[in-house]
Amino acid sequence: MTTLPLFRRAFFDTWRSTLGWALGLAAAIFLYLPLYPSIGGSAQMQDMIDALPPEMTKALNYDQIATGPGYTQATLFGLLGFLLMTIASVSWGAAAVGGDEESGQLELTLAHGVRRVQVVLERALAVLLRVVLLAALVCALVWLLNGPAQLGIGLGNLLGATVLFAGLALLSGTAALCVGAVTGRRTYGLAAGAGVGVLGYVFNAVGRQSKDVEWLLTFSPYHWAYGNSPVANGADWPAAAWLWAISAALVALAAVALERRDVGA
């Protein structure tokens with residue numbers, strides 16, 4: 001018997017998608033990071049930051065953009081890279097079970113004697129591996145440009161930030177997978193995964209504006225990951241463990257839900 005057949009099929013059948021997201025992330029890295037020596041820490045950059053409303057500066061994390069680690073955190077890990085990774089992970093997670101059920105492929109798969117728990121676990125493993133590969137690529141390219149772009153990022157901090165980066169994206173992806181498995185609908189999975197990513201970002205942006213709404217940060221996975229500015233200050237490892245543990249719990253919930261309900265109902 002082929003080892004992990006559903007995982008192998010899910011992973012290798014989507015290699016073009018994985019390659020496309022990898023190219024998108026690489027383009028973002030090579031577009032933004034080489035610009036730092038010409039704009040980071042300059043008087044013009046500081047004047048531009050000072051001219052922005054303080055609320056916008058905090059919402060976009062531009063209050064730390066004058067340093068190399070802060071610039072990388074704000075432009076890549078906290079904005080464009082976060083957006084691309086979240087979209088990729090959510091699309092994969094929503095399609096893993098809910099998308100297959102909507103298309104009728106899941107019933108055909110189960111007709112071959114495949115256990116439902118196996119479907120969830122192997123599909124989740126495929127999502128996990130793709131997210132980890134993309135995060136590893138981001139880490140390698142940032143380290144490649146660290147010297148030439150004068151970013152001044154420590155390797156330990158970069159590795160820690162990458163773990164949080166991957167965990168944050170995976171949380172949205174597993175939320176999409178879980179809701180897709182519970183409902184049998186890809187659309188609901190997409191909505192759930194996107195909701196985790198968007199609300200996490202919004203809660204962080206709003207929660208940083210005033211002490212009156214600071215409680216929102218407690219409910220923001222984005223803040224769990226980046227509240228410590230890991231590229232500059234190192235990873236918050238308890239937060240990283242929390243992100244990955246919730247993802248594991250969502251996969252387990254998806255497996256239980258799929259096992260207990262009628263497929264295609």
Side-chain angles (χ1 to χ4, degrees), residues 6-7 9-11 13-28 76-103 105-106 119-138 162-205 219-226 240 242-255 257-258:
L6 301 179
F7 159 75
R9 181 69 180 269
F11 181 78
D13 281 2
T14 57
W15 69 268
R16 292 181 180 84
S17 170
T18 307
L19 178 60
W21 289 111
L23 292 174
L25 286 164
L76 178 62
F77 286 98
L79 190 58
L80 192 53
F82 162 72
L83 177 64
L84 293 174
M85 280 283 282
T86 299
I87 294 173
S89 183
V90 168
S91 65
W92 292 330
V97 179
D100 255 22
E101 186 166 353
E102 279 191 350
S103 66
Q105 293 298 313
L106 182 58
V119 171
V120 173
L121 295 183
E122 291 196 29
R123 297 276 173 79
L125 182 59
V127 175
L128 168 64
L129 181 56
R130 282 175 285 190
V131 168
V132 168
L133 287 175
L134 291 183
L137 173 68
V138 169
T162 302
V163 172
L164 288 161
F165 180 58
L168 183 59
L170 187 64
L171 180 61
S172 292
T174 53
L177 184 149
C178 182
V179 173
V182 170
T183 64
R185 298 292 182 268
R186 177 176 177 272
T187 304
Y188 295 162
L190 288 172
V196 170
V198 171
L199 289 178
Y201 186 88
V202 171
F203 284 176
N204 176 76
F219 302 99
S220 170
Y222 185 96
H223 183 75
W224 304 344
Y226 296 148
W242 187 237
L243 287 169
W244 286 83
I246 294 176
S247 290
L250 287 170
V251 172
L253 178 60
L258 188 62

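Along the sequence shown, residues carry numbers from 1.
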Per the salt bridge (Lys or Arg N to Asp or Glu O under 4.0 Å) rule, what does the pair list look like for residues 76-100, sequence neighbours excluded? Asp100-Arg123
Over all atoms of both residues, closest heavy-atom pair of Met85 and Leu25: SD-CD1, 3.9 Å
Going through the checks in order, is the side chain to side chain contact (heavy atoms under 4.5 Å, CB included) test met by Val138 and Thr162? CA-CA 8 Å; Val138 169; Thr162 302; 5.8 Å; no
Heavy-atom closest pair (Trp92 atom, Val131 atom, distance to 0.1 Å) is CZ3-N, 4.3 Å
Just how far is it from atom CG of Leu121 to atom CG of Leu128, taken to the nearest 0.5 Å? 11.5 Å
Determine, stepwise, if the pair Trp244 / Val163 fulfils side chain to side chain contact (heavy atoms under 4.5 Å, CB included). CA-CA 9 Å; Trp244 286 83; Val163 172; 3.8 Å; yes
For Ser89 and Val127, which heavy atoms make the closest approach, and how far apart are they? OG-CG1, 4.3 Å
How many angstroms lie between atom CG of Leu177 and atom CZ of Arg186, to the nearest 0.5 angstrom? 12.5 Å
Measuring from atom CG of Leu84 to atom CG of Leu23, what distance do you get when rounded to the nearest 0.5 angstrom? 11.5 Å
Gap between atom CG of Leu83 and atom CG of Leu76 - 0.5 Å precision: 11.5 Å
Are the side chain of Ser220 and the backbone N or O of His223 linked by a donor-acceptor pair below 3.5 Å? yes
Does Phe82 have its ring centroid less than 6.0 Å away from the ring centroid of Tyr226? no
Reported CG-to-CG distance for the pair Leu134 and Leu170, which is rounded to 0.5 angstrom: 11.5 Å
About how many Å separate OG1 of Thr86 and CZ of Phe165, when rounded to the nearest 0.5 Å? 7.5 Å
Across all chains, not counting sequence neighbours, the side chain to side chain contact (heavy atoms under 4.5 Å, CB included) partners of Leu133 are Phe11, Leu129
Locate the shortest heavy-atom distance separating Ser172 from Val196; write the atom from each residue and the value. OG-CG1, 3.7 Å
For the residue pair Ala225 and Leu243, what are the closest heavy atoms and their distance? CB-CD1, 3.9 Å
Phe203: partners by ring pair (Phe, Tyr, Trp, His ring centres under 6.0 Å), with sequence neighbours left out: none
In terms of heavy-atom contacts, Ala254 and Cys178 come closest through CB-CA, 3.7 Å
